[in-house]
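As structure tokens, the structure follows; a few thoughts come after it.
Chain letters run A, B, ... following the sequence lines, proteins first, then strands; residues in each count from 1. As the structure is a prediction and not an experimental result, all values here were calculated from the model. The analysis underlying the following values was restricted to heavy atoms, covering all of them including side chains, and did not include hydrogens, waters or symmetry mates.
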Number of protein chains: 2
Amino acid sequence: MAENTVLDAIDAAILRELQNDARISNKDLAARVNVAASTCLERVRALQRRGVLAGFHADADPAALGRPLQAYIAVRVRPHNRDVVEPFIRFVLDLPETIALSHIAGADDFLVHVAVRDAAHLQRLLLDGFTSRREVAHLETQLIFSHIRKWDIGPM
Amino acid sequence: MAENTVLDAIDAAILRELQNDARISNKDLAARVNVAASTCLERVRALQRRGVLAGFHADADPAALGRPLQAYIAVRVRPHNRDVVEPFIRFVLDLPETIALSHIAGADDFLVHVAVRDAAHLQRLLLDGFTSRREVAHLETQLIFSHIRKWDIGPM
DNA sequence: ACAGGTTCCGAATACTCTTCGGGGCATGGC
DNA sequence: GCCATGCCCCGAAGAGTATTCGGAACCTGT
């Protein structure tokens, strides 16, 4: 199988199963995709080597951790150069409220996905965390009613 | 330990380790958090029962799957009522390009996170997938330069 | 102090992981 | 056609791990 082609049927099935349940035993995984356990193990390792499988992560529920409110914060950073942007990224990633951070093209420069306790907590985060920083030129906050992440993405 | 309190130190450590590597063996996990394997196993199951641990998922790299370009699509859906919104959500989640979908409060109604092959693919998705639908009143697309997801979120 | 409840541990069995040698099958050269 | 080569796959078996369960230790309120 060439390195640059899409996945074959077995790899795609392995990917699907592991995205669905990363803690499945290798034996059960092998049974689901109809190969021997040893074959399955080697294919999983190959997928990791190729970078297709980037990692395995437990999904913690922010609400169960006392952070039931989520929001997107769109941020414009001025001036938008490396010396300003890189410390800003580090700052955002160090915030415990941050779940994800995107650097985007458009009117806004960053989209920060946060999970907080309540509206007061969000307000404090915006005022003390963001608007107090000099490089933050503009903020726009959108509450998230619901956020659905599709776990099983595949080749197209 | 009360059900409504935050996690104790051991649970927090288990959560951190499993978010970091969901396929760690129970024995290694127990060693890392300094409890017996049997204790560790029971705590992990309790965290699942309590809903703190919502699942375990392999993280596949969209770029390695031939979809190196990501974007946010902000969508306004009119009329914004249940009969229109629910089919729209199903439609978006069924698209293979979709990675995540947020229902948000603000000028826009939804934020769709997609991964595509290239700009032409994105254009086709927007024109054929979204603007051709009658309930889609407005679209705004932002390319994503980089997207960083923080895997280890914890109690605050 | 003691009863009741909870949490933790370690031993033991059942089960799983992982390695490794070898078989089968496609591909390509001659 | 026929063999050599490389690739993928498999099963066996020892090493390692998961899981259960009985009992010890520890709170906590009376």
### Task
Identify whether any heavy atom of B:Ser25 sits under 4.0 Å from a base atom; if not, whether one sits that close to sugar-phosphate; answer base, sugar-phosphate or nothing.
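Since only primed, P, OP1 and OP2 atoms lie under 4.0 Å of B:Ser25, the category is sugar-phosphate.
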### Task
Give one of base, sugar-phosphate or nothing for B:Arg45, where a contact means two heavy atoms less than 4.0 Å apart.
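Contact class for B:Arg45: sugar-phosphate only.
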### Query
If you find the nucleotide of DNA chain D closest to B:Asn26 and the one closest to A:Asn34, which residue's nucleotide is nearer the 5' end?
A:Asn34
### Query
Hey, which of these two, A:Ala37 or B:Ser38, hits DNA chain D nearer its 5' end, going by closest nucleotide?
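The residue mapped nearer the 5' terminus is A:Ala37.
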### Query
Is the ring centre of B:Phe88 less than 6.0 Å from the ring centre of B:Phe110?
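Yes, ring centres under 6.0 Å apart.
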Specify the separation, in whole Å, of atom [atom1] of [X] and atom [atom2] of [N].
{"X": "B:Glu42", "N": "D:dA18", "atom1": "CD", "atom2": "C1'", "result": "13 Å"}
{"X": "B:Leu7", "N": "C:dT7", "atom1": "CG", "atom2": "P", "result": "14 Å"}
{"X": "A:Ile24", "N": "D:dA18", "atom1": "CD1", "atom2": "C1'", "result": "16 Å"}
{"X": "A:Lys27", "N": "D:dT17", "atom1": "NZ", "atom2": "C1'", "result": "14 Å"}
{"X": "B:Ile10", "N": "C:dT6", "atom1": "CD1", "atom2": "P", "result": "18 Å"}
{"X": "A:Leu41", "N": "C:dT16", "atom1": "CG", "atom2": "C1'", "result": "11 Å"}
{"X": "A:Asp11", "N": "D:dC8", "atom1": "CG", "atom2": "P", "result": "10 Å"}
{"X": "A:Asp28", "N": "C:dC17", "atom1": "CG", "atom2": "C1'", "result": "12 Å"}

### Query
Parallel, tilted or perpendicular for A:His57 and B:Trp151, by the 30°/60° rule?
parallel
### Message
Is there a side-chain contact between A:Arg43 and the phosphate of D:dC8, meaning an N or O under 4.0 Å from OP1 or OP2?
### Response
no
### Task
Tell me whether the OP1 or OP2 atom of D:dC8 has a side-chain N or O from A:Thr39 closer than 4.0 Å.
no
### Query
B:Arg23 side chain to A:Ala22 main-chain N or O, any donor-acceptor pair under 3.5 Å?
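Yes.
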#### Entry: Closest non-hydrogen atom pair between A:Pro87 and A:Arg82, with its separation
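Heavy atoms of A:Pro87 and A:Arg82 come nearest at CD-O, 4.0 Å.
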### Query
Does a sphere of radius 6.0 Å around CD in A:Gln48 hold more than 12 heavy atoms from other residues, nucleotides or ligands, not counting ones at 6.0 Å or beyond?
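Yes, the 6.0 Å shell around CD holds more than 12 heavy atoms from other groups.
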